[in-house]
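Encoded as structure tokens, the structure appears first; notes follow it.
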Amino acid sequence: MQSITRELGRRVTEAMIAGFGDQAVGVDPLLKSTQDPSFGDYQANFAMGLAKRLGRRPRDVAAAVVEKVDVSDLCDPPEIAGPGFINFTITPAAAGRRLQAVPPTADGVTDRVGIAQSPSPDVIAIDMSSPNLAKEMHVGHLRSTIIGDCIARVLEFEGHVVHRINHVGDWGTQFGMIIEHVRRTHPHVLDDPEHLQLGDLEAFYVEARRQFDADPRFADAARKAVVDLQGGDPETLAVWKAFCGESLRHCHVIYDRLDVRVEDRGESFYNDMLAGVVQELGDRGFAEESDGAMCVFLDGFTNKQGDRLPMIIRKSDGGYNYATTDLAALRHRISALGATRLLYVVGIPQKQHFDMLFAAARKAGWAGEGVELTHIGFGSMLSSTGKMFKAREGGTVKLRDLVDEAVERAHKVIEASEQDPDKRRGLSSGQMRAIAETVGTGAVKYFDLSHSLGSDYRFDWDTMLSMDGNTAPYMLYAYARIRSIGREAGVDYAAIPAETPIVLEHDCEIRLGKTLLKLPDVIDQAAREYRPNVLTDYLFELSKAYNLFYDRKRGVRVKDASPESVRLSRLRLCDLTARSLKLGLHLLGIGTLEQM
RNA sequence: GCGCCGGUAGCUCAGUUGGACAGAGCACCGGAUUUCUAAUCCGGCGGUCGGAGGUUCGAGUCCUCCCCGGCGCGCCA
């Protein structure tokens, strides 16, 4: 399945050049899908802008292009409307042909629904999730984890090589008290460091902190542990390593549950590169000493007094901080991983840090012209009352608890449904648990990803678990329903011959077919703009189109449609819808259900 | 003080390098069910897009100023 806007855009561009020669070279035809079906399916908006440059009337410019453009195999004759819009209406026959050409699913690989990969794959490093290992993962890590996963999935789908880098916090002074606390509570840790087990990481951290504050001898030991750690003392390193391993295992329980894959790479990995970073920046005159600290000063950054704002890369006590680590990591991703696109899925409050980091990397020449550096910032997750998200007791909410509650709530909905004689499906308790897991985690992810990245959003259980509206349950239901129709019709969708014609006649068939054709454009836009909600909006549109297609009153019959050619055509539409939904949800990191 | 991000329907949110009368869900009102999964569908109600200027053929979108909210601003990450 190819992008229609690209196809139409190519032809319009040719017609523009045929009509206006060099003056039209490089002019974007501005092709997009229309908002209102009365304007057709796609529109080209270049005429107003081009007319201005040419000193001509927009409608005349549009008319000249319409005269030259050949789209008769795709559309009705293009129409000029308003100030100079050119409207294209895809013919049902052309839409049917394009859908029919989508190859069938192949076993064992991700169904691409006929969408080609990028001919020029990039190596991309995505900085995502990145919790601090000293503590348990909390809700603050949710957005980076699932947004990063979604963007990684989309870019991987496009054929790029993606490193999902989990830049975990495994270094710093707080590990001193952790190490000391491990020693005291698990005295035999060194005998078997791989099998250190901690039931509650958060409680462990809190207790370590309490001891540190309450017991001077503990505090001294903790400080000594920091020194030993930095000095490379083997025994201290072993304890530290054992703790980090255990903490990572806790993280991966959640990653597995959320079906998120990451490459763990702790900050400590870059430790022996830090001195070199500072040395080189200093030698080349990009960094200078200020109040005892080594600082990089960059144009355009000032502090509250209006003085230039430093990026501190070595503290006055000789220690390094996150700016140094991030610079080292950036270099490593470019030079060692070969990445040409570095993405950072980190909250908006850190925007200034990334602005400075990128500016410094450019200045030092570590990131050249050909390297993209992008901070994919996102807003905060707020409670339903609009405040910062906190547990009832006031502390942070563990991510694990959030996921548990989501699944539990989904399970209750399913149980209630099974109690209702009109709704019950006769699910086993095992099936109910499996469905609740997909619906619960899917609901949380979908709700998050359906918001535009930049804005804060209010976390609301009832909305995200609602069957109505732009939610995971609605989408999952639409998918399950289509799969059920296939079973009821006694067909294996995958076995319907690929040459079976798809004929779009009824309005709801035409609408569904044309919506299906938008999928490549949607994925393309989501990838280009790093915007998951482009995908969710589309899935909602597709689900609505399908539900209308299948509606008792306004839709068409499928299972018992006749003649057989119409029945098969509609079953293929069902199949393509299911495949598109499955692919879209997969790119969001959400699994599908054959039944719910 | 400087900077960043927000302010769109009663509520929660979309709005694609500026494009056609500003969209959706929830809520509310009304309609459709001898069920191919109604966990659905259709219709109605509802907005001077925070305010004021400006640029433009055209502004929710760009520029300036102001109001309100959140966040950041030298050795935490």
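Numbers restart at 1 for each chain; the letters A, B, ... are given by sequence-line order, proteins then strands.
- Among the candidates A:L539, A:T592, A:L593, the single residue satisfying the side-chain contact (heavy atoms from CB on, under 4.5 Å) test with A:Y479 is A:T592.
- At the heavy-atom level, A:A478 lies nowhere under 4.0 Å from the strands shown.
- Screening residues 541-556 of chain A for salt bridge (charged side-chain N to carboxylate O under 4.0 Å, His left out), with sequence neighbours left out, gives A:K518-A:E541.
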>> Go through it in stages, so that I can follow the logic: the residues are A:S450 and A:N470, the test is side chain to side chain donor-acceptor pair (under 3.5 Å), and I'd like the CA-CA distance, side-chain angles, deciding distance and then a yes or no.
In response: CA-CA 8 Å; A:S450 64; A:N470 191 8; 5.0 Å; no

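- Separating the P atom of B:rC49 from that of B:rA22 is a span of 10 Å, rounded to the nearest Å.
- Atom name C1', nucleotides B:rU56 and B:rG18: the rounded distance is 9 Å, in whole Å.
- For the P atom pair drawn from B:rA24 and B:rG15, the interatomic distance equals 15 Å after rounding to whole Å.
- Among residue pairs with one or both ends in residues 528-538 of chain A, those qualifying as salt bridge (charged side-chain N to carboxylate O under 4.0 Å, His left out) are A:D524-A:R528, A:E529-A:R531; sequence neighbours excluded.
- No donor-acceptor contact under 3.5 Å links the side chain of A:R481 to the base of B:rA39.
- Separating the CD atom of A:E79 from the P atom of B:rA20 is a distance of 18 Å, rounded to the nearest angstrom.
- Protein atom CZ of A:F85 is 10 Å distant from nucleotide atom C1' of B:rG18, rounded to whole Å.
- For the P atoms, the distance linking B:rG74 with B:rG60 amounts to 39 Å, nearest Å.
- The salt bridge (charged side-chain N to carboxylate O under 4.0 Å, His left out) search around A:K514 returns A:D41, not counting sequence neighbours.
- Both distances falling under 3.5 Å, in either a Watson-Crick or a G-U wobble arrangement, place B:rG23 opposite B:rC13.
- Across all strands, A:R552 comes closer than 4.0 Å to base atoms (heavy-atom distances).
- Of the residues in residues 555-575 of chain A, those with a non-hydrogen atom less than 4.0 angstrom from any atom of RNA chain B are A:V556, A:R557, A:V558, A:K559.
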>> Please encode protein proximity along nucleotides 4-9 of chain B as a string of B, S and -, counting only heavy-atom distances under 4.0 Å.
In response: SS----

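- Across the protein-nucleic acid pair, A:M464 atom CE and B:rA39 atom P stand 23 Å apart, rounded to whole Å.
- Less than 4.0 Å separates RNA chain B from at least one heavy atom of each of the following residues of residues 47-59 of chain A: A:M48, A:K52.
- For residues 557-566 of chain A, the salt bridge (charged side-chain N to carboxylate O under 4.0 Å, His left out) pairs, not counting sequence neighbours, are A:E488-A:K559, A:R557-A:D560, A:E564-A:R567.
- The same atom, C1', is picked in B:rG7 and in B:rU12; the two are 14 Å apart, to the nearest Å.
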Can you name the atoms? Protein N/O to nucleotides 73-77 of chain B N/O, anything below 3.5 Å, with the distance.
{"unit_1": "B:rG74", "atom_1": "N1", "unit_2": "A:N303", "atom_2": "ND2", "d": "3.3"}
{"unit_1": "B:rG74", "atom_1": "N2", "unit_2": "A:N303", "atom_2": "ND2", "d": "2.6"}
{"unit_1": "B:rC75", "atom_1": "O2", "unit_2": "A:S316", "atom_2": "N", "d": "2.8"}
{"unit_1": "B:rC75", "atom_1": "N3", "unit_2": "A:S316", "atom_2": "OG", "d": "3.4"}
{"unit_1": "B:rC75", "atom_1": "N4", "unit_2": "A:D291", "atom_2": "O", "d": "2.8"}
{"unit_1": "B:rC76", "atom_1": "OP2", "unit_2": "A:K315", "atom_2": "NZ", "d": "3.2"}
{"unit_1": "B:rA77", "atom_1": "O3'", "unit_2": "A:E267", "atom_2": "OE2", "d": "2.6"}
{"unit_1": "B:rA77", "atom_1": "N6", "unit_2": "A:Y322", "atom_2": "OH", "d": "2.6"}

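- Rounded to whole Å, atom C1' of B:rG70 lies 17 Å from atom OH of A:Y457.
- Of the candidate nucleotides B:rU33, B:rC41, B:rA39, B:rC41 has the atom nearest to the side chain of A:N547.
- You'll find a donor-acceptor pair under 3.5 Å spanning the side chain of A:Y550 and the base of B:rC36, going by distance alone.
- The residue A:N87 sits close to a base: some heavy atom pair falls under 4.0 Å.
- Looking at heavy-atom distances under 4.0 Å, A:R487 makes contact with a base.
- Nucleotides B:rU61 and B:rU8 place their P atoms 14 Å apart, quoted to the nearest Å.
- Residues satisfying the salt bridge (charged side-chain N to carboxylate O under 4.0 Å, His left out) criterion with A:R511, sequence neighbours excluded, are absent altogether.
- B:rU64 is paired with B:rA52 under the Watson-Crick or G-U wobble criterion, all donor-acceptor distances under 3.5 Å.
- The salt bridge (charged side-chain N to carboxylate O under 4.0 Å, His left out) check on A:R314 picks up nothing, with sequence neighbours excluded.
- Remark: C1' of B:rC41 and CD of A:E541 are 17 Å apart, rounded to the nearest angstrom.
- Mapping A:T34 and A:R511 onto RNA chain B by nearest heavy atom places A:T34 at the nucleotide closer to the 5' end.
- Side chain A:S417 to base B:rA39: a donor-acceptor pair is found below 3.5 Å.
- For the C1' atoms, the distance from B:rA14 to B:rU40 is 23 Å, rounded to whole Å.
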Measure all distances between protein nitrogen or oxygen atoms and nitrogen or oxygen atoms of nucleotides 21-25 of chain B, and list the pairs falling under 3.5 Å.
{"unit_1": "B:rC21", "atom_1": "N4", "unit_2": "A:D36", "atom_2": "OD2", "d": "2.4"}

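- Note on A:S484: a base of the nucleic acid sits closer than 4.0 angstrom, heavy atoms only.
- Under the 3.5 Å distance criterion, with hydrogens and angles disregarded, no donor-acceptor pair is assigned to the side chains of A:N533 and A:T536.
- The gap from the C1' atom of B:rG23 to that of B:rU16 amounts to 14 Å, rounded to the nearest Å.
- Under the salt bridge (charged side-chain N to carboxylate O under 4.0 Å, His left out) criterion, A:D326 pairs with no residue at all, not counting sequence neighbours.
- Atom pair A:M596:CE and B:rA38:P shows a separation of 13 Å (rounding to whole Å applied).
- In terms of polar N and O atoms assigned as donor or acceptor, the side chain of A:R458 never comes within less than 3.5 Å of the base of B:rU12 in a complementary pairing.
- Straight-line distance from the CG atom of A:D462 to the P atom of B:rU12: 14 Å, rounded to whole Å.
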